[in-house]
Amino acid sequence: MTSRATSRTACAGLAMVASFALLMCSRRPAHDRPLRIAIHSEPHSLDPHLQNETLTFGFLRNIFEGLTGFNGDMVLVPTLAESWDNPSDTVWRFHLRRDVRFHDGRPLTAQDVVFSLERARHPRASTNFGSYLVAVDTLRTIDPHTIEITTRQPYPILLNKLTFVLIVPDGSPDTIVEPIGTGPYRLTPRVPGQPLRLEAFKDYWGHSPAETPVDFAAVPDHAARLRQLASGEIDIAQDPTPAEAAELLRAQSKVRVLERDSLLVVYLQMHPGKPPFDDRRVREAVRLALDRQPIVERSLGGRGLVLAQMVGRNTFGYDESIRAPARDLPRARALLGEVGYPQGIDVELEFRAGREATEIQRQLGEAGIRVRLVERSWAEMFPRLLTRQVPFYLGALLDPSADASDFFDAVAHTRQAATGYGDNNTCDYSNPALDILIESSGTTLDMRTRREMLSRAMRTALDDAIFVPLYSPSVLFAVRDYVVWKPRLDSLVLAADIQRR
């Protein structure tokens with residue numbers, strides 16, 4: 001997509017939003033109808049161990065649960081495990097709740113948990129969940145309600161990682177297409193062309209959600225999501241653009257915009273095995289061509305924070321002393337000349353539909369890096385990333401446990417199928433010195449020392465100029481005014497947290 005086409009789309013979106021006040025429906029919600037949530041894409045799988053991707057995990061987290069979990073402010077809480085203890089530095093014993101049942105009526109047992117953890121780290125059953133279990137050595141049941149996990153070395157962040165390994169019944173098939181979990185909602189049979197519908201699980205062990213169903217509708221076009229919100233077809237729309245959000249607030253309609261800090265990092269990624277990015281000087285030229293503050297102002301309307309590292313300020317491992325290099329256009333052009341591009345280069349930048357890239361395109365162009373913007377639906381973009389086909393990518397990364405190891409273990413470490421490291425390394429990046437730092441930091445018990453190791457690891461990764469962090473955007477949702485909800489710091493949409501007054 002060209003910058004002119006992007007500008008036309010943005011203008012059309014603003015015109016559409018400006019007319020929302022004329023479309024608003026003043027009637028109160030019918031609480032016997034489903035809660036309707038519009039998301040940007042369908043889940044890539046209904047198998048909780050198959051695709052480690054934020055939207056997919058967020059949807060499935062309504063159906064499945066882990067041994068541990070996070071509340072909306074990223075405080076660790078017991079979930080299926082009501083307690084745990086450590087007989088030694090490498091042994092963890094988890095004691096399960098006694099009143100938990102799967103959606104098919106089966107009681108939860110320790111064998112279900114062991115089966116699920118083994119399934120998640122098994123290469124045949126899992127494509128990219130092994131990074132959460134890199135430290136696990138053995139798993140065993142102690143009794144029907146107690147399991148023991150032994151790690152290869154001390155691993156103080158195991159509780160954080162277990163929140164993302166969701167529990168399925170023992171004996172589940174290699175690929176799950178009819179999910180059966182323990183969560184507050186169960187999935188109803190799919191109707192082609194209709195939203196995914198969740199119904200409240202009446203035997204849920206925890207706080208029972210509202211009995212009305214919940215519909216998750218995939219609406220890839222962000223303007224269409226807002227039109228449906230304005231007409232009353234849906235109750236919540238994911239990811240309005242910042243420009244649309246500003247117009248919504250000015251319209252003083254029956255729609256509100258909810259905003260919160262996030263754990264997201266928006267960044268550029270360059271594949272070191274694909275020309276012209278196989279030469280570090282080209283990657284460094286990209287980094288030196290950028291001035292992040294104008295990107296935040298012009299792409300987000302100021303609704304975000306400039307970042308110089310691949311984690312945000314709400315993530316453990318964030319180092320406030322790391323600064324982005326100052327913009328240096330002469331040096332960027334000189335580097336391109338050294339590589340053999342004195343007249344500059346032409347590249348394509350791929351990104352998910354709904355992101356704004358025109359300011360990045362403009363700034364790179366001033367350094368002689370002429371960018372053609374390629375906007376793709378997430379259904380098309382995500383498989384291209386998994387197969388490592390993308391030379392130049394504008395994306396967003398979530399550190400779901402609010403710990404920098406999420407980035408390092410899954411994204412920055414060399415891919416190792418046997419251990420799970422690098423399961424989300426989508427550009428074949430490999431730095432053995434960085435790998436050593438990553439693995440050592442995961443086994444360090446002293447948190448001050450561990451923080452210092454993570455800082456060294458971050459500086460090493462940034463020096464390779466594979467990843468160019470840009471900013472942490474605010475989480476935005478547009479909702480009807482009767483929706484009572486506080487968005488989560490990790491951006492997940494959990495229907496049990498949402499009420500309608």
Side-chain angles (χ1 to χ4, degrees), residues 43-54 56-57 60 66 90 113-140 149-153 155 157-158 160-168 172-176 269-274 278 310 381-391 393 395 397-401 403-443 457 460-461 464 466-467:
H44 286 277
S45 173
L46 295 177
D47 189 322
H49 304 147
L50 193 59
Q51 300 292 355
N52 187 13
E53 183 265 334
T54 303
T56 299
F57 177 81
L60 292 177
T90 60
V113 176
V114 170
F115 172 82
S116 298
L117 298 181
E118 291 286 13
R119 185 179 188 273
R121 67 176 182 156
H122 194 287
R124 184 165 61 100
S126 170
T127 58
N128 48 17
F129 269 81
S131 61
Y132 294 122
L133 300 171
V134 292
V136 173
D137 185 22
T138 61
L139 301 156
R140 71 185 184 104
I149 300 177
T150 302
T151 57
R152 296 182 183 88
Q153 294 175 303
Y155 194 65
I157 54 175
L158 180 65
N160 295 46
K161 302 302 184 180
L162 288 176
T163 63
F164 305 101
V165 184
L166 304 180
I167 305 305
V168 303
S172 294
D174 286 345
T175 301
I176 293 173
Q269 175 179 287
M270 291 163 278
H271 195 304
K274 297 184 183 296
D278 53 344
M310 290 296 291
M381 185 78 255
F382 187 56
R384 285 180 53 77
L385 287 169
L386 290 181
T387 52
R388 299 179 291 286
Q389 298 180 47
V390 184
Y393 173 58
L397 172 72
L398 179 72
D399 294 306
S401 71
D403 190 280
S405 62
D406 295 334
F407 163 68
F408 287 121
D409 291 354
V411 178
H413 195 289
T414 303
R415 292 177 67 90
Q416 292 181 357
T419 64
Y421 278 116
D423 273 352
N424 266 341
N425 183 333
T426 59
C427 65
D428 294 318
Y429 173 47
S430 179
N431 182 330
L434 177 61
D435 293 345
I436 292 171
L437 274 173
I438 292 171
E439 293 173 26
S440 298
S441 68
T443 64
T460 300
D464 285 336
I466 302 295
F467 311 100

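Keep in mind it's a predicted model, so treat the numbers as computed, not measured.
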(request) To the nearest 0.5 angstrom, please state how far the NZ atom of K274 sits from the CD atom of Q389. (result) 7.5 Å
(message) Determine whether N424 and S131 satisfy the following criterion, side chain to side chain contact (heavy atoms under 4.5 Å, CB included), listing intermediate values before the conclusion.
(response) CA-CA 8 Å; N424 266 341; S131 61; over 6 Å; no
(request) Find out whether T414 and N425 are in side-chain contact, i.e. whether some heavy atom of one side chain is under 4.5 Å from a heavy atom of the other. (result) no
(request) For salt bridge (charged side-chain N to carboxylate O under 4.0 Å, His left out), just list the numbers for D406 and K161, CA-CA rounded to whole Å, side-chain angles, deciding distance to a tenth of an Å, and then say yes or no. (result) CA-CA 9 Å; D406 295 334; K161 302 302 184 180; 2.6 Å; yes
(request) Specify the closest pair of heavy atoms between G273 and D278, including all atoms of both residues, with the distance to one decimal. (result) C-CB, 4.4 Å
(message) Please enumerate all residues that pass side-chain contact (heavy atoms from CB on, under 4.5 Å) together with L46, with sequence neighbours excluded.
(response) F59, L60, P179, L187
(message) Go through it in stages, so that I can follow the logic: the residues are Q51 and L386, the test is side chain to side chain contact (heavy atoms under 4.5 Å, CB included), and I'd like the CA-CA distance, side-chain angles, deciding distance and then a yes or no.
(response) CA-CA 10 Å; Q51 300 292 355; L386 290 181; 3.3 Å; yes
(message) Quick one: does any side-chain atom of R121 pair with a main-chain N or O of V136 as donor and acceptor, under 3.5 Å?
(response) yes
(message) Nearest 0.5 angstrom please: S430 OG to Q416 CD, how far?
(response) 8.5 Å
(message) Please determine whether side chain to side chain contact (heavy atoms under 4.5 Å, CB included) holds for the pair Y393 and L385, giving the CA-CA distance in whole Å, both sets of side-chain angles, and the decisive distance to 0.1 Å.
(response) CA-CA 9 Å; Y393 173 58; L385 287 169; 3.4 Å; yes
(message) Measuring from atom CG of L133 to atom CG of D423, what distance do you get when rounded to the nearest 0.5 angstrom?
(response) 10.0 Å
(message) Could you work out, with salt bridge (charged side-chain N to carboxylate O under 4.0 Å, His left out) as the rule, every residue matching R388, not counting sequence neighbours?
(response) D428
(message) Donor-acceptor pair, distance only, cut-off 3.5 Å: does the side chain of R119 make one with the backbone of I167?
(response) no
(request) Kindly indicate whether the side chain of I149, heavy atoms from C-beta on, has any atom under 4.5 Å from the side chain of L158. (result) yes
(request) Assess whether side chain to side chain contact (heavy atoms under 4.5 Å, CB included) is satisfied between C427 and I466, documenting all intermediate values. (result) CA-CA 9 Å; C427 65; I466 302 295; 3.7 Å; yes
(request) Could you tell me whether the side chain of I438 reaches within less than 4.5 Å of the side chain of Y421, counting heavy atoms only? (result) yes
(request) Could you tell me which non-hydrogen atom of L166 sits nearest to which non-hydrogen atom of G66, and how far apart they are? (result) CD2-N, 3.8 Å
(request) Report yes if the side chains of D137 and T90 come closer than 4.5 Å at any heavy-atom pair, otherwise no. (result) no
(request) Drop me the distance from D174's CG to L50's CG, to the nearest 0.5 angstrom. (result) 10.5 Å
(message) Quick one, E439 and H413 - any side-chain contact, counting heavy atoms below 4.5 Å?
(response) yes
(request) Specify the closest pair of heavy atoms between P48 and I176, including all atoms of both residues, with the distance to one decimal. (result) CD-CD1, 4.0 Å
(message) As an exercise, state the distance from CG of L397 to CZ of F467, rounded to the nearest 0.5 Å.
(response) 8.5 Å
(message) Within the structure provided, determine whether F408 and S441 are in side-chain contact (heavy-atom separation under 4.5 Å).
(response) no
(message) Checking D464 against Y429 for the side chain to side chain donor-acceptor pair (under 3.5 Å) test, could you report, in this order, the C-alpha distance in whole Å, the side-chain angles of both residues, the deciding distance, and whether it holds?
(response) CA-CA 10 Å; D464 285 336; Y429 173 47; 2.5 Å; yes
(request) Quick one: list whatever passes salt bridge (charged side-chain N to carboxylate O under 4.0 Å, His left out) with D399, sequence neighbours left out. (result) none
(message) Rounded at 0.5 Å granularity, tell me how far CG in N52 sits from NE2 in H44.
(response) 12.0 Å
(request) Please report the shortest heavy-atom distance between T163 and N160, naming the atom on each side. (result) OG1-O, 2.7 Å
(message) With a 4.5 Å cut-off on side-chain heavy atoms, are L139 and V113 touching?
(response) no
(message) Students often mix this up, so state it plainly: with edges at 30° and 60°, are the rings of F129 and H49 parallel, tilted or perpendicular?
(response) perpendicular
(message) Could you walk me through whether S45 and D47 satisfy the side chain to side chain donor-acceptor pair (under 3.5 Å) test, starting with their C-alpha distance in whole Å, then the side-chain angles of each, then the deciding distance to 0.1 Å, before giving a yes or no?
(response) CA-CA 5 Å; S45 173; D47 189 322; 5.3 Å; no
(message) With a 4.5 Å cut-off on side-chain heavy atoms, are T426 and V390 touching?
(response) no
